[in-house]
Amino acid sequence: SEARYKGAEVVTVAPDVSPSAIHADYHVPVRPGADAALALGMAAVIVDEELYDAEFVREQTDLPLLVRLDNRRYVRQSDIHERGREDVFYVFDGRTGQPAEAPRDSLSLGSVAPVLEGRHSVTLKDGEAVDVTTVFELLRECLRDYTPEKASEVAGVHPDVIRNLARKVSAKRTRVLLGFNSGKQYHGDLMERAMCLFLGLTGNWGKKGTGIINWSAGPWPGMATSMK
């Protein structure tokens, strides 16, 4: 209620019309357990309409990292250099037109300008050249199965509602409050990861009024007592 007084819009995503839903600006009646389809449908709109925060995505996510197309593994320093590390990954630097090591000690990219799209070639330590692409490109391929129309068939939410939500998330600071709902579902972790995806695409991390939080008022006191 306080957030709404300050201009925030509240969207309740829930199958039922609840005491929370009647005080929200929008009620999105998703089918039980179909939250991932809704979230991935939103992510598909964000990518397809280029509503993502490209600067944030390049610096703060793993979406620019290069993936080998022959085995679908990250390109690692150990692939390119003898005695290379397994935990050093690569991006494709748009300024030099060459692969560049992703920094391990900081998210700051310095002078490197990772590209998000396209296919490239990397020469391995044995001299073999392999085709690579970015995680972002692989994500785009995956999201083709979650157009608003396809996601609607699973989630039971109209495609236009999915598009509208995606555009709102892209244009405004957004926070997801889970309660303790998806955690009760089978594969609830994947539902929450799908929500984290559209937040990451739109730069909704690390700023006031963004991110994802999970809160439950019920079990914790009893759990604390039982653990003594």
Side-chain angles (χ1 to χ4, degrees), residues 3 8-18 20-21 24-58 60-65 67 72 116-117 133-207 209-214:
E9 289 183 293
V10 177
V11 179
T12 296
V13 180
D16 57 326
V17 180
S18 64
S20 296
D25 296 285
Y26 304 93
H27 173 224
V28 179
V30 66
R31 288 193 181 116
D35 303 74
L38 172 61
L40 291 173
M42 292 169 60
V45 173
I46 292 165
V47 171
D48 186 55
E49 297 186 4
E50 298 185 354
L51 302 175
Y52 51 89
D53 184 335
E55 182 178 355
F56 183 92
V57 169
R58 289 189 185 99
Q60 298 288 322
T61 77
D62 64 354
L63 294 177
L65 294 183
V67 177
R72 292 288 172 132
L116 294 175
E117 301 172 295
T133 192
T134 62
V135 178
F136 185 86
E137 282 283 19
L138 297 179
L139 172 66
R140 189 197 297 276
E141 291 178 14
C142 175
L143 292 177
R144 288 174 184 157
D145 293 328
Y146 293 94
T147 64
E149 284 71 25
K150 292 180 180 179
S152 175
E153 295 175 4
V154 179
V157 177
H158 195 280
D160 288 346
V161 174
I162 297 175
R163 290 188 176 92
N164 186 46
L165 279 177
R167 292 164 184 165
K168 284 183 177 292
V169 169
S170 302
K172 302 179 180 181
R173 291 194 180 191
T174 302
R175 167 172 288 181
V176 175
L177 172 60
L178 287 174
F180 195 62
N181 297 308
S182 57
K184 299 175 184 176
Q185 298 282 342
Y186 189 63
H187 287 324
D189 60 325
L190 298 182
M191 298 180 197
E192 295 180 17
R193 287 179 185 227
M195 299 175 205
C196 291
L197 174 60
F198 71 68
L199 292 175
L201 284 169
T202 54
N204 276 296
W205 288 104
K207 298 175 285 191
T210 65
I212 186 168
I213 56 175
N214 194 324

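Given the structure is predicted, the values throughout are model-derived calculations rather than measurements.
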- Message: By the salt bridge (charged side-chain N to carboxylate O under 4.0 Å, His left out) test, which pairs, at least two apart or in different chains, include something from residues 145-162?
- Response: E149-R163, D160-R163
Side chains of [X] and [Y]: closer than 4.5 Å at any heavy-atom pair?
{"X": "V45", "Y": "P148", "result": "yes"}
{"X": "T202", "Y": "I46", "result": "yes"}
{"X": "W205", "Y": "C196", "result": "yes"}
{"X": "S152", "Y": "P159", "result": "yes"}
{"X": "Y26", "Y": "T12", "result": "no"}
{"X": "V67", "Y": "T134", "result": "no"}
{"X": "E192", "Y": "N214", "result": "yes"}
{"X": "L201", "Y": "L63", "result": "yes"}

- Query: What are the two closest heavy atoms between A155 and A34, and how far apart are they?
  - Reply: CA-CB, 3.7 Å
- Over all heavy atoms of both residues, which pair between I212 and M195 is shortest? Give the atoms and the distance, please. CD1-CB, 4.2 Å
Could you tell me whether the side chain of [X] and the main chain of [Y] form a donor-acceptor pair under 3.5 Å?
{"X": "N204", "Y": "T174", "answer": "yes"}
{"X": "T147", "Y": "R144", "answer": "no"}
{"X": "H27", "Y": "D16", "answer": "yes"}
{"X": "D62", "Y": "L65", "answer": "no"}

- Query: Does R167 have any salt bridge (charged side-chain N to carboxylate O under 4.0 Å, His left out) partners at least two apart in sequence or in another chain, and if so, which?
  - Reply: E49
- Residue pair E55, R58: steps toward the salt bridge (Lys or Arg N to Asp or Glu O under 4.0 Å) verdict: CA-CA 5 Å; E55 182 178 355; R58 289 189 185 99; over 6 Å; no
[atom1]/[X] to [atom2]/[Y] distance, rounded to the nearest 0.5 angstrom?
{"X": "K168", "Y": "L51", "atom1": "NZ", "atom2": "CG", "answer": "13.5 Å"}
{"X": "Q185", "Y": "D35", "atom1": "CD", "atom2": "CG", "answer": "7.0 Å"}
{"X": "H187", "Y": "R193", "atom1": "NE2", "atom2": "CZ", "answer": "11.5 Å"}

- In sequence, state the C-alpha distance, the side-chain angles, and the governing distance for L178 and I213, and then conclude on side-chain contact (heavy atoms from CB on, under 4.5 Å). CA-CA 6 Å; L178 287 174; I213 56 175; over 6 Å; no
- For side-chain contact (heavy atoms from CB on, under 4.5 Å), just list the numbers for N164 and I162, CA-CA rounded to whole Å, side-chain angles, deciding distance to a tenth of an Å, and then say yes or no. CA-CA 5 Å; N164 186 46; I162 297 175; over 6 Å; no
- Task: Mind running side-chain contact (heavy atoms from CB on, under 4.5 Å) on L197 and L40 for me, showing each step along the way?
- Result: CA-CA 8 Å; L197 174 60; L40 291 173; 4.0 Å; yes
- Query: Hey, mind stepping through M42 and L165 against side-chain contact (heavy atoms from CB on, under 4.5 Å) and telling me if it holds?
  - Reply: CA-CA 7 Å; M42 292 169 60; L165 279 177; 4.0 Å; yes
- Which pairs pass ring pair (Phe, Tyr, Trp, His ring centres under 6.0 Å) with one or both residues in residues 134-165, sequence neighbours excluded? Y52-F136
